[in-house]
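So that the names make sense, note that chain A is the first sequence line, chain B the second, and so on, each numbered from 1. Model, not experiment: these values are computed from the prediction. All heavy atoms count here, side chains included; hydrogens, waters and symmetry mates do not.
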Protein chains: 2
Amino acid sequence: MREEVLRRIRARDWAPGAAIPTEEALAGEFGVARATVNRALRELAEEGVLERRRKAGTRVALHPVRKATLDIPVTRLEIEGRGQRYGYRLLAEDRDEPPPAIASRLGLAKGAALLHLTALHLADGRPVLLEDRWLNPEVLGRAAPDFHAVSANEWLLTHVPYTTGDIGFSAANASAAEARLLEVAEGAALFVIDRTTWEGERPITCVRLAHAPGYRMQTMV
Amino acid sequence: MREEVLRRIRARDWAPGAAIPTEEALAGEFGVARATVNRALRELAEEGVLERRRKAGTRVALHPVRKATLDIPVTRLEIEGRGQRYGYRLLAEDRDEPPPAIASRLGLAKGAALLHLTALHLADGRPVLLEDRWLNPEVLGRAAPDFHAVSANEWLLTHVPYTTGDIGFSAANASAAEARLLEVAEGAALFVIDRTTWEGERPITCVRLAHAPGYRMQTMV
DNA sequence: GAGTGGTCTAGACCACATA
DNA sequence: ATGTGGTCTAGACCACTCC
């Protein structure tokens with residue numbers, strides 16, 4: 001079903017922009033139930049290959065916005081998965097008022113104090129990731145974890161599961177301080193991941209992950 | 001259904017790592033058909049929230065590998081979508097033997113000649129993206145397009161639809177040549193997307209897209 | 001108003017991993 | 001051997017949107 005649809009698109013039986021038969025017609029043609037057709041076409045639409053609208057029908061996407069699904073793993077597991085030894089060092093932990101950019105991103109009133117963590121993640125003893133995190137102290141509860149022993153990332157995963165949020169990817173030149181900590185030249189191109197998360201309406205954390213040169217995120221399309 | 005499952009996970013009724021009831025049990029509890037439960041749980045599993053195995057049942061993921069879905073739009077539409085004027089300049093077009101790294105990525109015999117395109121994409125007249133592309137000349141067919149008029153990206157989308165491939169994201173310091181073309185300082189941090197695509201077994205293209213500083217890819221998680 | 005996709009029900013059989 | 005999820009059928013009703 002799914003493969004036959006893709007074959008027809010690639011063979012240009014169904015050209016980009018053109019409408020394809022209705023679910024009912026395809027169900028008849030392939031001799032399957034409509035629910036089966038629906039699932040196949042719905043999944044292809046989610047991948048950006050088809051565009052579907054009630055009443056208007058299904059078309060082959062003209063300017064397919066390809067969807068790439070990235071896995072965002074826990075740093076420790078990513079490093080260990082490469083067969084390297086994982087290391088983690090908490091560099092600083094204090095309670096402070098965040099810069100306005102961070103406060104507004106989290107939707108916090110000016111003047112609210114957050115927990116500020118700076119940490120370094122290492123692979124085979126070499127620094128590979130500099131973490132700069134602002135954390136809502138409310139989420140810690142009474143059993144405040146020891147962030148020397150467990151990274152905030154892993155603690156949050158098991159204690160504040162399944163947050164929503166946004167994530168951004170960009171490139172930045174290493175500042176002098178970043179260069180020193182990551183043991184790279186000042187100005188080196190770092191791969192930066194910015195992430196802000198909420199649990200419902202409650203802001204949880206805002207983190208900047210600066211990856212040392214050589215880092216590459218990869219996926220299939 | 002879906003929301004109730006997420007609520008129970010967030011409320012820690014179902015803790016990370018713990019098994020949740022079977023599809024049949026949940027269908028009974030919620031008073032819905034098993035197919036409905038199946039769809040909800042299957043989708044949550046695809047997002048990395050749950051882990052499902054036949055016979056073993058469904059568990060709340062312990063180390064959820066969060067899946068972020070990135071949209072990879074056509075450059076022109078991305079720029080126009082920001083309300084900017086799109087510009088495109090083909091800088092070079094020749095037929096050449098690709099460097100070994102490119103040839104091996106595409107799985108080509110050494111010595112095969114490819115079409116080599118270099119192009120600049122502009123937003124409001126300012127260069128924002130440098131494209132360096134190797135293209136299998138077989139795909140052009142008899143009606144070789146004029147790559148001065150249409151970008152290879154757009155031509156490929158409508159003429160070789162729905163390819164598979166891989167895509168990688170990284171950061172790189174601008175070389176002298178890149179800096180000159182993008183009108184940035186040498187060494188500036190560029191956001192680089194590498195993409196290799198096939199149509200079935202046939203290699204199509206291998207492209208490096210170097211984005212000028214300021215570029216940011218963003219999505220919700 | 002009418003045609004399309006979106007979603008659901010109730011039931012069935014199957015594939016697979018585990019015990 | 002058994003219990004779980006994976007997928008399917010056949011039918012129904014609904015929601016949206018285009019005409």
Side-chain angles (χ1 to χ4, degrees), chain A residues 1-9 13-67 69 71 161-162 164 220, chain B residues 1-9 13-67 69 71 161-162 164 220:
Chain A
M1 179 70 228
R2 179 198 162 87
E3 278 314 309
E4 174 60 13
V5 170
L6 285 174
R7 191 198 64 73
R8 290 185 187 188
I9 292 173
D13 295 344
W14 296 338
I20 75 172
T22 65
E23 292 189 349
E24 205 165 14
L26 288 174
E29 182 189 338
F30 288 117
V32 300
R34 185 168 80 93
T36 308
V37 177
N38 178 273
R39 179 168 173 186
L41 298 189
R42 177 166 40 81
E43 288 180 353
L44 288 169
E46 272 163 19
E47 292 164 30
V49 174
L50 299 175
E51 286 169 2
R52 319 195 75 195
R53 285 204 322 280
R54 282 166 157 133
K55 170 78 179 174
T58 301
R59 317 188 146 266
V60 180
L62 197 50
H63 291 294
V65 175
R66 292 305 295 266
K67 266 86 169 162
T69 303
D71 289 353
Y162 313 106
T164 55
M220 299 298 220
Chain B
M1 178 69 229
R2 179 198 159 89
E3 279 314 309
E4 174 60 14
V5 169
L6 285 174
R7 193 197 63 73
R8 291 186 185 187
I9 292 173
D13 295 344
W14 296 338
I20 75 173
T22 65
E23 291 189 351
E24 206 165 13
L26 289 173
E29 182 189 340
F30 289 116
V32 299
R34 185 167 79 92
T36 308
V37 177
N38 177 273
R39 180 168 171 185
L41 299 188
R42 177 166 40 81
E43 288 179 353
L44 288 169
E46 273 163 18
E47 293 163 31
V49 173
L50 299 175
E51 285 170 2
R52 320 195 74 196
R53 287 203 324 280
R54 280 166 157 134
K55 171 74 178 178
T58 301
R59 317 187 145 266
V60 180
L62 197 51
H63 290 294
V65 175
R66 292 305 295 264
K67 265 85 170 165
T69 303
D71 289 354
Y162 312 106
T164 56
M220 299 299 221

Discussion item. So, OP1 or OP2 of C/dT9: does either fall under 4.0 Å of a side-chain N or O from B/T36?
Written reply: yes

Worksheet item: What parts of residues 52-59 of chain B reach DNA chain C, counting only heavy atoms under 4.0 Å away?
Response: B/R53, B/R54, B/K55

Worksheet item: Is it true that B/R39 and B/E43 have a side-chain N and a carboxylate O under 4.0 angstrom from each other?
Response: yes

Worksheet item: Given atom CD of B/E46 and atom C1' of D/dG6, what is their separation to the nearest angstrom?
Response: 12 Å

Discussion item. My understanding is that only one of A/L41, A/V5, A/I9 makes a side-chain contact (heavy atoms from CB on, under 4.5 Å) with A/V49; could you say which?
Written reply: A/I9

Practice prompt. Assess whether atom CZ of B/R8 is packed by more than 12 heavy atoms of other residues, nucleotides or ligands within 6.0 Å.
Written response: yes

Discussion item. Using whole Å, what does the distance between atom P of nucleotide D/dG5 and atom CZ of A/R39 come to?
Written reply: 15 Å

Item to complete: To the nearest Å, give me how far apart CD (A/E24) and P (C/dA2) are.
Response: 16 Å

Worksheet entry | Rounded distance in Å - CD (A/E23) to P (C/dT7) | 10 Å

Item to complete: Round to the nearest Å and state the distance from A/R42 atom CZ to D/dT7 atom C1'.
Response: 13 Å

Fill in: Atom-pair distance (CG on B/L44; P on D/dG6), nearest Å
12 Å

Discussion item. Whether A/N38 contacts C/dG5 is assessed here as follows: a side-chain N or O lying under 4.0 Å from the phosphate OP1 or OP2. Is that the case?
Written reply: no

Polar-atom pairs under 3.5 Å, protein N or O versus N or O of nucleotides 10-12 of chain C: list them with distances, or write none.
unit_1: C/dA12; atom_1: N6; unit_2: B/R34; atom_2: NH2; d: 3.1

Worksheet item: To the nearest angstrom, how far is B/E51 atom CD from C/dT18 atom P?
Response: 13 Å

